[in-house]
Amino acid sequence: MKFMRLGTRPDTFYTGEATRTMISDLPSDLTICINNVTYLLHKFPLLPKCGLLQLLCSDRGSDTRSVTLELHDIPGGEDAFELCAKFCYGIKIDLSAHNFVQVICAAKFLRMTESVGNGNFVSKLEVFFNSCILEGWKDSVVALQTTERFPEWSESLGIIRRCIDSVVDKILTPPPKVRWSYTYTRPGYAQNKHHKSAPKDWWTEDIADLNIDLFRCVLNTVRSTNMLPSQLIGEALHVYACRWLPDVTRGRSDPETSTASQLTQEKSVNGRKQLEMIVILIPEDRGSVSVGFLLRLLSMANLLRVSPAINMQLINKCGLQLEEATLNDLMLPSHDSSGDHHIYDIELVGSVLEGFITQWRKSYSRDEYSLRKVGKLIDSYLQVVCTDANMPVQKVVSLANVLPEFARPEHENLYKAINIYLNEHPQMSKEDKKHLCSILDCHKLSAEACAHAVKNERLPLRTVVQVLFFEHEKHGGKATRSHKSEQPEIQLFSSEWSSKQEDARHRSAPSSTRQKLEPESERKSRWKNNGEMGSDNEREIMEEGSKQELNKIRMQRSKSEHRHRKGK
């Protein structure tokens, strides 16, 4: 970075407690108080260069030998004033982009202009600003960053606008023509020393140090030129989020350290403002930012409680690109304070999925491939969240039911998720098990899944019987010689099982009711359509007295499979 050195005399300012004294043979005749610091100085070096001090001293009258002034409102405070005073004494000072803004604001405040004295401080600072600071990349960014402390003065002096114009001009420079230093810490870039030109996003990390208002001004100015692709704008937003909202970029943050109660009020307010501005600045072009980044923004938005409009805007953007998401993108931590203490934010994923379905229904193409791709993703996600011991069954069922039926051509992955949930929640009630298994369509299970389901003792008995019934229906019309070994098993289900249930049903029903019982064929048809095995009375009898028969069926299936493998 460039700097300017003025003056030749050594520093002769002396500090005693809260008093700064200029060491001189002459006694001090000018006392200046700034905040808690008192300066004992001299009129002669200061008044010829400071128009404000001339005016204030003249108001006190010429007879007054020693004058005391209070300059508590000087921009930059005592540090900026001391640099201006040292310039008047000819003491050596160093100026750079780090202290330029506060010094020029203080010099303007003291009226150290050419109208007061030739070669005055303001004119020298202007030359340094135009020839050095605005010509450099990092100098321009640092100077712009320091204007945050003096927004009104910087705006009125035109410093902010000129710094922004300088920064934007350099951002729009073609990468092969970039010859200045910049910050770029991406993995793998430093090791490769044979870069032909700067990367396209070489500027993103440096402007990420600006506050959100200045960052917005720079980015909006760049966007107004229409000279950069939307992906570069999106990358700048992503880098800025990495700088100021680190939880957004962790992917899977620790839920114990990401609760709203642990965020300070100031941090929460600043983070909310930054996040909302980032969302507003995201280009409309699809793919300008990744769906993983959008999902993490949405998760942080829930934590920071952003406005409903911003939250809905994020949900729509996520839904528009959901088919591009990976399983890891959906692993968002839960910030729920209701007491469930589950790990994953399944409700947030459900909101995004609903947004995707809504937009899919409105589209003209209605690409079923994208819908089925999202269906597979959601079923894979369910398999992960079902490992959470605190995940309520209602939330699992709710998410599974968001997808329409044709989004799942087969229920293989859905059955795996159900099986995982049953294994992780062994104390589930019968009603919860039935509720969970209600999302399963036995028609869409593969032969392997059916074979596993029949032997799965954690499944409700009704679900196992449904699997057996639909498996019998599926293979009943396709019986061949190679499958004759399986016929006793199917025959057992179709005759012995049904006859025993019929007997039990007749025994439990009054004689007047028995005459009105529907035929066997109609009852089977009703089982198929409703996915249930008869009336409530029938289900109760079956669940209480048919477990031995079901075990018998399982044993015969196992023997049949063993003989079939041995024959091969």
Side-chain angles (χ1 to χ4, degrees), residues 204 208 211-213 215-224 226 228-251 253 258 260 263 267-326 329-336 345-364 370-371 374 377-378 381 399 402:
T204 55
N211 70 15
I212 190 61
D213 293 318
F215 177 78
R216 172 183 56 82
C217 291
V218 171
L219 215 59
N220 279 337
T221 306
V222 171
R223 292 179 64 179
S224 65
N226 294 319
L228 294 183
S230 60
Q231 287 76 13
L232 264 183
I233 304 297
E235 180 62 19
L237 293 171
H238 183 267
V239 172
Y240 193 85
C242 291
R243 171 69 174 82
W244 296 99
L245 301 171
D247 288 339
V248 169
T249 56
R250 286 179 188 165
S253 56
S258 298
L263 292 173
K267 183 178 178 182
S268 179
V269 172
N270 291 338
R272 186 184 306 118
K273 179 181 179 181
Q274 290 164 345
L275 194 147
E276 290 182 349
M277 189 58 66
I278 288 172
V279 175
I280 292 173
L281 291 173
I282 294 176
E284 294 297 328
D285 300 346
R286 175 173 174 169
S288 57
V289 294
S290 68
V291 64
F293 176 58
L294 289 171
L295 286 166
R296 292 190 292 274
L297 281 180
L298 182 57
S299 178
M300 183 59 67
N302 279 1
L303 175 63
L304 296 175
R305 303 184 186 279
V306 302
S307 66
I310 294 295
N311 198 66
M312 183 56 62
Q313 187 176 346
L314 268 175
I315 289 177
N316 291 336
K317 287 180 179 292
C318 292
L320 191 64
Q321 296 180 221
L322 184 58
E323 63 179 295
E324 303 165 10
T326 64
D329 292 333
L330 300 183
M331 298 292 103
L332 305 173
S334 173
H335 307 301
D336 189 7
D345 198 339
I346 190 172
E347 292 180 336
L348 189 64
V349 174
S351 299
V352 174
L353 180 58
E354 288 176 355
F356 168 78
I357 297 297
T358 301
Q359 295 179 59
W360 183 86
R361 294 185 193 278
K362 291 180 180 179
S363 64
Y364 292 102
S370 63
L371 184 64
V374 170
L377 176 65
I378 295 300
Y381 175 73
L399 178 61
V402 173

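The figures that follow rest on heavy atoms only: side chains count, while hydrogens, waters and symmetry mates do not. Here, residue 1 is the first one in the sequence, and each next residue gets the next number.
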Hey, mind stepping through Asp329 and Thr326 against side-chain hydrogen bond (donor to acceptor under 3.5 Å, both in side chains) and telling me if it holds? CA-CA 5 Å; Asp329 292 333; Thr326 64; 3.1 Å; yes
If you round to the nearest 0.5 Å, how far is OG of Ser290 from CD of Gln231? 11.5 Å
Name the orientation class of the two ring planes belonging to His238 and Phe293 (parallel below 30°, tilted from 30 to 60°, perpendicular beyond 60°). perpendicular
Taking all non-hydrogen atoms of both residues into account, name the closest pair between Ser230 and Ser288 and its distance. O-CB, 3.7 Å
So, the side chain of Glu324 versus the backbone of Gly287: is there a donor-acceptor pair under 3.5 Å, distance only? no
So, for Val289 and Gly234, which heavy atoms are closest and what is the spacing to 0.1 Å? CG1-CA, 3.5 Å
Only counting residues at least two apart or in another chain, list the ones meeting side-chain contact (heavy atoms from CB on, under 4.5 Å) with Val352. Leu295, Leu298, Cys318, Leu322
Closest heavy-atom contact between Tyr240 and Asn211? OH-C, 3.3 Å
Can a donor-acceptor pair be found, under 3.5 Å and without considering hydrogens, that links the side chain of Arg223 to the backbone of Leu281? yes
If we ignore hydrogens and angles and just use 3.5 Å, is the side chain of Glu276 paired with the main-chain N or O of Ile310 as donor and acceptor? no
For Glu323 and Ser370, the nearest pair of non-hydrogen atoms, with its separation, is OE1-CB, 3.3 Å
Closest heavy-atom pair and its distance - Tyr381, Ile346: OH-CA, 3.5 Å
Is Ser351 reaching over with its side chain to a backbone N or O of Glu347, donor-acceptor style, under 3.5 angstrom? yes
Check the pair Leu314 / Val306 against side-chain contact (heavy atoms from CB on, under 4.5 Å), numbers first and verdict last. CA-CA 11 Å; Leu314 268 175; Val306 302; 5.7 Å; no
Validation row: Asp213, Lys273 side chains within 4.5 angstrom (heavy atoms): yes
Would you sort out whether Ile212 and Asn270 count as a side-chain contact (heavy atoms from CB on, under 4.5 Å), showing the intermediate values? CA-CA 9 Å; Ile212 190 61; Asn270 291 338; over 6 Å; no
Exam field: side chain Trp244 to backbone Ala208, donor-acceptor pair closer than 3.5 Å: yes
Test log, rule side-chain contact (heavy atoms from CB on, under 4.5 Å), inputs Leu303 and Met300: CA-CA 5 Å; Leu303 175 63; Met300 183 59 67; 3.7 Å; yes
Heavy atoms only: give me the nearest Ala325-Leu377 pair and the separation to one decimal. O-CD2, 3.9 Å
Separation between OG of Ser299 and CG of Leu294, rounded to the nearest 0.5 Å: 12.5 Å
Would a 4.5 Å heavy-atom cut-off, applied to side chains only, mark Ile357 and Val374 as touching? no
Rounded to the nearest 0.5 Å, how far does CZ of Arg296 lie from CG of Leu245? 12.0 Å
For Gln359, the side-chain contact (heavy atoms from CB on, under 4.5 Å) test, sequence neighbours excluded, returns Asn316, Leu320
